[in-house]
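Quick notes on the structure that follows.
Chain A is the first sequence line, chain B the second, and so forth, proteins listed ahead of strands; every chain is numbered from 1.
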Amino acid sequence: MSKEVNLEEQFQARIDAGERIEPKDWMPERYRKTHIRQISQHAHSEVVGMLPEGNWITRAPSLRRKVGLLAKVQDEAGHGLYLYSAAETLGISRDQMEEQLLSGKAKYSSIFNYPTLSWADIGAIGWLVDGAAIINQVMLTRTSYGPYARAMVRICKEESFHQRQGYEIMLGLCQGSREQKEMAQDALNRFWWPSLMMFGPRDHESPNTEQSVRWKIKRKTNDELRQQFVDITVPQADYLGLKMPDPDLKWNEERGHYDFGEINWDEFWQVVKGNGPCNKERIAARQAARDNGEWVREAAIAHAKKKRQSLDKSA
Amino acid sequence: MKEINEEWPIFEVFIRSKNGLEHRHAGSLHAADSTMAMENARDVYTRRQEGVSIWVVESKHITASNPTEAGEMFEPAKDKVYRHPTFYELPIELKHI
Amino acid sequence: MSSNLFEYLLILGDNSMILAHRLSELCGHGPSLETDIALTNTSLDLYGQVRNYFQYAAEIAPEQPGASEDSIAFLRRERQYRNCILLEQPNVDFAHVIVRQFLFDAFQNLQLEALLQSSDSQIAAIAEKSLKESRYHLRFSSEWLKRLGDGTETSHQKTQTALDYLYPFVHEFFDETEIEEIAAKEGYGAKLADLKPGFESILKEGIESATLKIPDSKPRFAQGKLGIHTEQMGYILAELQFMQRAYPNLQW
């Protein structure tokens with residue numbers, strides 16, 4: 001008992017000193033579990049996130065837009081892969097994580113349960129969703145778990161084009177015809193609030209925050225990050241000439257921040273609990289990819305074994 | 001239904017970013033064998049011209065030092081300052097040494 | 001009437017574009033993240049080729065003022081697309097994807113090698129760049145053909161089924177249209193008949209080392225290069241052209 005406590009104190013002291021924790025280091029079981037949960041959730045978000053955007057690849061309006069979008073969705077597959085790899089260092093397999101996703105045990109970012117209904121949604125996702133994600137991810141490059149932090153460094157480097165691509169799409173629409181601008185406004189109207197929800201529940205309803213801050217998985221709270229996002233994004237919307245769908249949004253001189261209206265938390269929880277507009281479709285698509293790919297993955301293993309056997313024989 | 005209940009093993013990927021530099025660990029991936037690991041490494045880790053050469057090795061073949069033995073492994077090197085050039089005191093006016 | 005060179009570029013570009021389109025449909029739905037990333041790379045390579053061909057085609061189409069890579073890619077009628085119909089065949093399963101890719105890669109490798117000698121320096125330059133991509137694609141699809149053909153019993157069957165279905169389409173690669181005949185005669189195109197022996201030997205080697213059998217089937221009637229497609233094509237174009245048709249004359 002006292003030995004365990006001692007180890008835990010030493011462990012916390014290492015984190016407090018800014019040291020990184022590496023896979024084979026001793027760590028409290030809760031640290032391991034929390035990281036598996038958070039990293040796999042993050043990986044699932046990347047992979048499920050491919051679906052709403054992938055929905056527009058075949059319909060992208062120009063070749064330039066098409067290759068940009070395709071490369072972006074491909075990056076998300078890569079990011080999912082980096083993150084699954086980071087989680088695997090904690091003693092869980094990618095297969096197990098996928099099963100948790102498909103069974104509903106593991107969550108992913110709720111934003112991807114909203115549909116992409118127009119080309120402008122691709123712009124809005126890049127601008128808002130990637131913008132919100134970057135705020136989180138930049139913070140995570142300094143998180144205490146080494147493999148997670150390294151994956152985030154790589155991801156942040158690659159992701160910097162995503163948000164620019166999204167904003168450029170929006171800019172193109174806003175400088176275009178009336179119809180294009182309406183399309184952009186409509187996308188903003190639908191994606192603004194879900195983007196704010198990406199930062200999670202209010203601080204006082206977020207039970208894990210304190211522990212996460214101690215382990216440097218989080219360096220700022222949900223509400224702080226959300227505020228940071230609003231402050232950055234409102235001027236960008238102004239530049240586009242778009243109107244934020246929030247009548248309560250206004251600059252607060254005293255606070256030095258924008259005030260904004262109350263998020264519809266009923267909607268948030270409804271989507272988190274699996275009853276959003278596209279939860280079923282997203283999981284069904286991942287399930288289909290897994291089922292349809294099973295014989296392929298098996299074939300590759302079987303072939304590798306045959307190759308190894310014939311090598312052994314000839315040796 | 002399932003013929004083989006096995007995941008593709010994990011490989012570690014090392015990339016030389018340009019000639020003259022050493023290979024560095026880039027990350028991991030899954031592949032059925034080393035041929036596929038090489039292809040996957042190329043597609044996953046060099047999409048942005050990150051490399052001119054790739055090594056892949058199945059993770060299980062790597063022998064790693066044990067962090068609980070880090071003290072005896074690495075600390076004895078700590079006080080051997082005489083292995084570093086600054087240990088030796090020479091007059092500053094001396095050149096090229 | 002546009003020039004023969006223009007139409008020849010369409011044949012080259014449309015093959016790459018329609019296959020790239022089919023591959024792009026898979027992004028997010030493949031058997032593993034690794035294969036998703038790999039096939040997307042192939043798709044992106046092919047779109048890169050398309051842009052090179054169509055940018056060049058737009059330059060040499062003086063009778064089409066304002067022509068651009070996009071107007072050529074998105075705004076033709078179905079009868080004006082000149083891809084071989086093999087490339088519009090759907091992603092039935094991963095075996096179909098790999099077999100279709102292998103058959104095209106084998107052909108494209110040889111075609112691009114021949115086009116290195118094109119009298120048209122632009123075509124030769126595009127071929128040089130594309131050939132490196134195509135060689136990698138062939139390596140990738142050949143490896144996967146072996147894995148699937150010589151994997152499990154299930155995978156062997158599925159792959160043979162895909163090969164039986166897709167093989168009869170390959171003859172269209174070598175059905176020389178008047179456009180290709182003129183292109184070869186004028187020195188900027190590849191002589192298709194010359195490519196056939198090389199093609200057959202790549203196929204033979206690839207298919208046999210995958211423990212599969214080359215189907216003993218008759219060529220399938222195909223006129224894709226003349227603009228007559230399968231019923232698949234209408235749906236491909238419905239998606240490809242959707243934005244440009246629904247919102248004409250806009251910048252994106």
Contact winner vs chain C - [options], heavy-atom pairs under 4.5 Å:
options: A:E179, A:E168, A:K66; value: A:K66
options: A:G176, A:A300, A:G172; value: A:A300
options: A:A71, A:G293, A:A289; value: A:A289

Would you mind telling me which of A:H79, A:E76, A:R94 makes a side chain to side chain contact (heavy atoms under 4.5 Å, CB included) with C:L33? A:R94
If you count heavy-atom pairs under 4.5 Å with chain A, which of [options] comes out on top?
options: C:H21, C:Q244, C:Q241; value: C:H21
options: C:G48, C:G151, C:A95; value: C:G151
options: C:V50, C:I98, C:T35, C:D150; value: C:D150
options: C:L26, C:T159, C:I236, C:L240; value: C:L240
options: C:M17, C:H156, C:K146; value: C:K146

Intermediate values then yes/no, side chain to side chain contact (heavy atoms under 4.5 Å, CB included), C:I37 and A:L81: CA-CA 10 Å; C:I37 294 170; A:L81 192 157; 4.1 Å; yes
Tell me, for [X] versus chain C, whether the close heavy atoms (under 4.5 Å) come from the side chain, the backbone, both or neither.
X: A:V48; answer: neither
X: A:M183; answer: side chain
X: A:E98; answer: neither
X: A:A288; answer: neither
X: A:R286; answer: side chain
X: A:Q74; answer: both
X: A:L63; answer: both

Counting only non-hydrogen atoms closer than 4.5 Å, does C:K158 touch chain A with its backbone (N, CA, C, O), its side chain (CB onward), both, or neither?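 The answer is the side chain of C:K158.
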List the steps and the verdict of side chain to side chain contact (heavy atoms under 4.5 Å, CB included) for C:Q251 and A:Q175. CA-CA 9 Å; C:Q251 294 298 313; A:Q175 292 168 346; over 6 Å; no
Roughly how far apart are [X] [atom1] and [Y] [atom2], rounded to 0.5 Å?
X: A:L70; Y: C:C27; atom1: CG; atom2: SG; answer: 5.5 Å
X: C:S155; Y: A:I301; atom1: OG; atom2: CD1; answer: 12.5 Å
X: A:S177; Y: C:Y247; atom1: OG; atom2: OH; answer: 9.0 Å
X: A:S62; Y: C:E69; atom1: OG; atom2: CD; answer: 7.5 Å
X: C:W252; Y: A:Q180; atom1: CH2; atom2: CD; answer: 4.0 Å
X: C:F94; Y: A:N292; atom1: CZ; atom2: CG; answer: 12.0 Å

For residues 100-125 of chain A, give me every residue with a non-hydrogen atom less than 4.5 Å from any non-hydrogen atom of chain C.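 So the qualifying residues are A:W119.
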So which bits of residues 49-61 of chain A come within less than 4.5 Å of chain C, counting non-hydrogen atoms only? A:M50, A:L51, A:W56, A:I57, A:T58, A:R59, A:A60, A:P61
State, with a plain yes or no, whether a side-chain heavy atom of A:V67 is found less than 4.5 Å away from one of C:R51. yes
More than 12 heavy atoms of other residues, nucleotides or ligands under 6.0 Å from [atom1] of [X]: is that the case?
X: C:E205; atom1: CD; value: no
X: C:E128; atom1: CD; value: no
X: C:R139; atom1: CZ; value: no

Minimum heavy-atom distance between C:H29 and A:A285, given as atom pair plus value: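 Heavy-atom minimum between the residues: CE1-CB, 4.4 Å.
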